[in-house]
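Presented below is the structure to which this report refers.
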Number of protein chains: 2
Amino acid sequence: MPEEPTTKGERTQAEIMDSAHKLFLKNGFHGTSMRQIAEGAGIAVGGIYNHFDNKEEIFLAVLYAHHPINDMLPAMRAAQGNTIEIFVRDAAQRMVESIGNRPEFLNLIFIELVEFNGKHLTTLFEMIFPQVVEAAQRFLEGDDQLRDLPMPILVRAFIGLFFSYVMTEIMVGNQLPNDYRDKAFDYFVDIYLHGILKPVQS
Amino acid sequence: MPEEPTTKGERTQAEIMDSAHKLFLKNGFHGTSMRQIAEGAGIAVGGIYNHFDNKEEIFLAVLYAHHPINDMLPAMRAAQGNTIEIFVRDAAQRMVESIGNRPEFLNLIFIELVEFNGKHLTTLFEMIFPQVVEAAQRFLEGDDQLRDLPMPILVRAFIGLFFSYVMTEIMVGNQLPNDYRDKAFDYFVDIYLHGILKPVQS
DNA sequence: CCTACCGATCGGTAGG
DNA sequence: CCTACCGATCGGTAGG
């Protein structure tokens with residue numbers, strides 16, 4: 001829940017982060033200059049240093065504010081469904097709607113992995129872990145329909161479902177026939193559900 | 001199948017690519033300088049330009065020579081198994097053995113996505129597509145055990161299985177209890193198999 | 001004495 | 001394949 005910037009200083013800081021965020025997504029960290037960030041924020045380069053010590057601090061602030069789980073968790077929380085199958089389908093649908101059409105939604109993580117060797121991931125994990133645990137509680141409600149699999153595996157595989165879909169979509173998606181693209185995610189969810197649920201005769 | 005470098009020029013070119021490859025994995029494209037590459041290759045900056053027109057051409061050569069599918073396809077081709085279940089487990093096991101302990105194995109793709117906005121992915125796809133199709137033929141052999149799912153979906157989901165595992169491993173793997181780490185990939189394969197195979201009573 | 005920002009420039013490095 | 005060097009731009013900081 002981001003605070004509404006009120007003072008002039010807070011507004012300038014938000015404009016710096018917005019500018020940096022867009023540029024990082026497009027060009028990466030080392031591909032973005034302080035002058036580009038300043039230009040996008042409508043101030044001079046020197047002005048940035050009243051708000052951030054250096055470029056890396058800007059990246060960290062942007063990473064914590066806009067990492068992908070921020071978009072995935074609200075979708076999971078909003079999901080409805082009396083059975084685990086309906087719940088998973090609804091959660092998946094909401095997630096793909098909120099992030100599916102933004103091919104750059106993982107770029108901040110990629111930058112972190114490549115340009116910082118993942119050194120900030122520990123802190124990031126500690127920030128999001130409690131939220132993921134809370135959202136994962138929903139899985140337990142359909143317990144009797146599930147195969148005997150550890151809960152962390154179920155949750156990890158559910159999140160992995162999106163990486164599975166999004167990564168293959170990024171890499172080969174625009175080359176595939178439309179037949180398979182439109183329904184690909186539905187099939188992925190279907191495979192996941194058949195993978196975690198006890199067999200039923202329907 | 002890389003040619004063994006024989007002439008002096010070919011050896012120098014290979015040294016430039018080796019040096020660049022290591023640096024790109026560690027620091028990304030814009031985070032790597034031509035002088036670093038030259039130093040690692042044991043030559044001067046100007047000498048690089050006898051072999052490559054510019055820095056981007058070095059990246060392209062490294063990307064085509066070392067993209068992740070190069071490591072995944074031989075593992076798939078070597079896989080054995082009379083049933084699709086045994087085949088998939090063997091293929092998955094070989095793939096995770098060849099790439100599982102190299103957390104940077106996707107970095108070239110991440111660099112391509114972030115620092116080049118994926119503009120070389122079309123060419124990359126055209127290079128690897130025939131090999132993927134060939135390797136995927138193996139799936140057809142266990143046809144009668146499979147649920148009614150389109151072949152491209154099965155193959156895409158199988159490749160996605162690795163992104164699913166590797167991405168979650170990268171992001172939260174070293175934070176999780178060892179209990180779940182060791183067996184996580186086996187569970188992932190198990191969920192995938194239950195997802196694509198017809199139910200059996202065993 | 002503060003926050004916010006400027007024009008100008010620092011020492012080094014970029015691709016070529 | 002090297003030395004030497006270019007136009008420009010890098011991240012960061014000076015005094016006011």
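In what follows, chains are A, B, ... by sequence order, proteins preceding strands, each numbered from 1.
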Using the P atoms only, state how far D:dA4 lies from C:dG16, rounded to an integer number of Å. 22 Å
Hey, can you pull the donor-acceptor pairs under 3.5 Å for the side chains in residues 58-76 of chain A, sequence neighbours left out?
residue: A:His67; atom: ND1; partner: A:Ile69; partner atom: N; Å: 3.3
residue: A:His67; atom: NE2; partner: A:Asn70; partner atom: OD1; Å: 3.3
residue: A:Asn70; atom: ND2; partner: A:Ala65; partner atom: O; Å: 2.8
residue: A:Asp71; atom: OD2; partner: A:Arg102; partner atom: NH1; Å: 3.3
residue: A:Asp71; atom: OD2; partner: A:Arg102; partner atom: NH2; Å: 3.3

With sequence neighbours left out, the residues meeting side-chain hydrogen bond (donor to acceptor under 3.5 Å, both in side chains) with A:His194 are B:Arg147
note: A:Glu39, atom CD; D:dG11, atom P; distance rounded to Å ~ 14 Å
Grab the CE-C1' distance between B:Met34 and C:dG16 for me, whole Å please. 8 Å
In whole Å, what is the span from the CD1 atom of B:Ile43 to the C1' atom of D:dA4? 17 Å
Using Watson-Crick and G-U wobble pairs with both distances under 3.5 Å, what is the 5'-to-3' dot-bracket string of DNA chain D, with [ ] for crossing pairs and | for pairs outside the strand? .....|....|...|.
Please give, in whole Å, the distance from D:dG11 P to A:Ile48 CD1? 10 Å
For B:His51, which contact category applies under a 4.0 Å heavy-atom criterion: base, sugar-phosphate, or nothing? sugar-phosphate
Walk me through it: do B:Arg94 and B:Asp90 pass the test salt bridge (charged side-chain N to carboxylate O under 4.0 Å, His left out)? CA-CA 6 Å; B:Arg94 288 169 187 269; B:Asp90 191 47; 2.9 Å; yes
Quick one: the side chain of A:Arg35 and the base of D:dG12, do they pair up donor-acceptor inside 3.5 Å? yes
Salt bridge (Lys or Arg N to Asp or Glu O under 4.0 Å) pairs touching residues 48-63 of chain B, sequence neighbours excluded, are B:Glu56-B:Lys119
Reckon A:Tyr49 has a side-chain N or O less than 4.0 Å from the OP1 or OP2 of D:dT13? no
Sorted by position of nearest nucleotide on DNA chain D, 5' first, the leading residue of A:Val45 and B:Thr12 is B:Thr12
Of the residues in residues 52-64 of chain B, which ones touch DNA chain C at a heavy-atom distance under 4.0 Å? B:Asn54, B:Lys55
Using atom types as modelled and distance alone, determine if a side-chain donor or acceptor of B:Gln145 lies under 3.5 Å from a backbone N or O of B:Ile84. yes
Whole-Å distance separating the CG atom of A:Asn27 from the P atom of D:dG11: 12 Å
Between NE2 of B:His30 and C1' of D:dA8 the distance, given in whole Å, is 15 Å
Taking only residues two or more places apart in sequence, or in another chain, which ones meet A:Glu85 in a side-chain hydrogen bond (donor to acceptor under 3.5 Å, both in side chains)? A:Arg89
Write down the distance between CD1 (A:Ile37) and P (D:dG11), rounded to a whole number of angstrom. 8 Å
Determine the interatomic distance between P on D:dA8 and the same-named atom on C:dG12; round to the nearest Å. 23 Å
With heavy atoms under 4.0 Å as the rule, sort A:Ala44 into base, sugar-phosphate or nothing. sugar-phosphate
Using modelled atom types and a 3.5 Å cut-off, is there a donor and acceptor pairing between side-chain atoms of B:Arg156 and backbone atoms of A:Ser164? no
From B:Thr123 atom OG1 to B:Ile128 atom CD1, the distance as rounded to the nearest 0.5 Å: 11.5 Å
Reading DNA chain C from 5' onward, which residue's closest nucleotide shows up sooner: B:Gly46 or A:Asn50? A:Asn50
Can a donor-acceptor pair be found, under 3.5 Å and without considering hydrogens, that links the side chain of A:Glu112 to the backbone of A:His120? yes
May I ask you to decide if the ring planes of B:Phe125 and B:Phe129 are parallel, tilted or perpendicular, using 30° and 60° as cut-offs? tilted
Does a side-chain N or O from A:Ser33 land closer than 4.0 Å to OP1 or OP2 of D:dC10, or not? yes
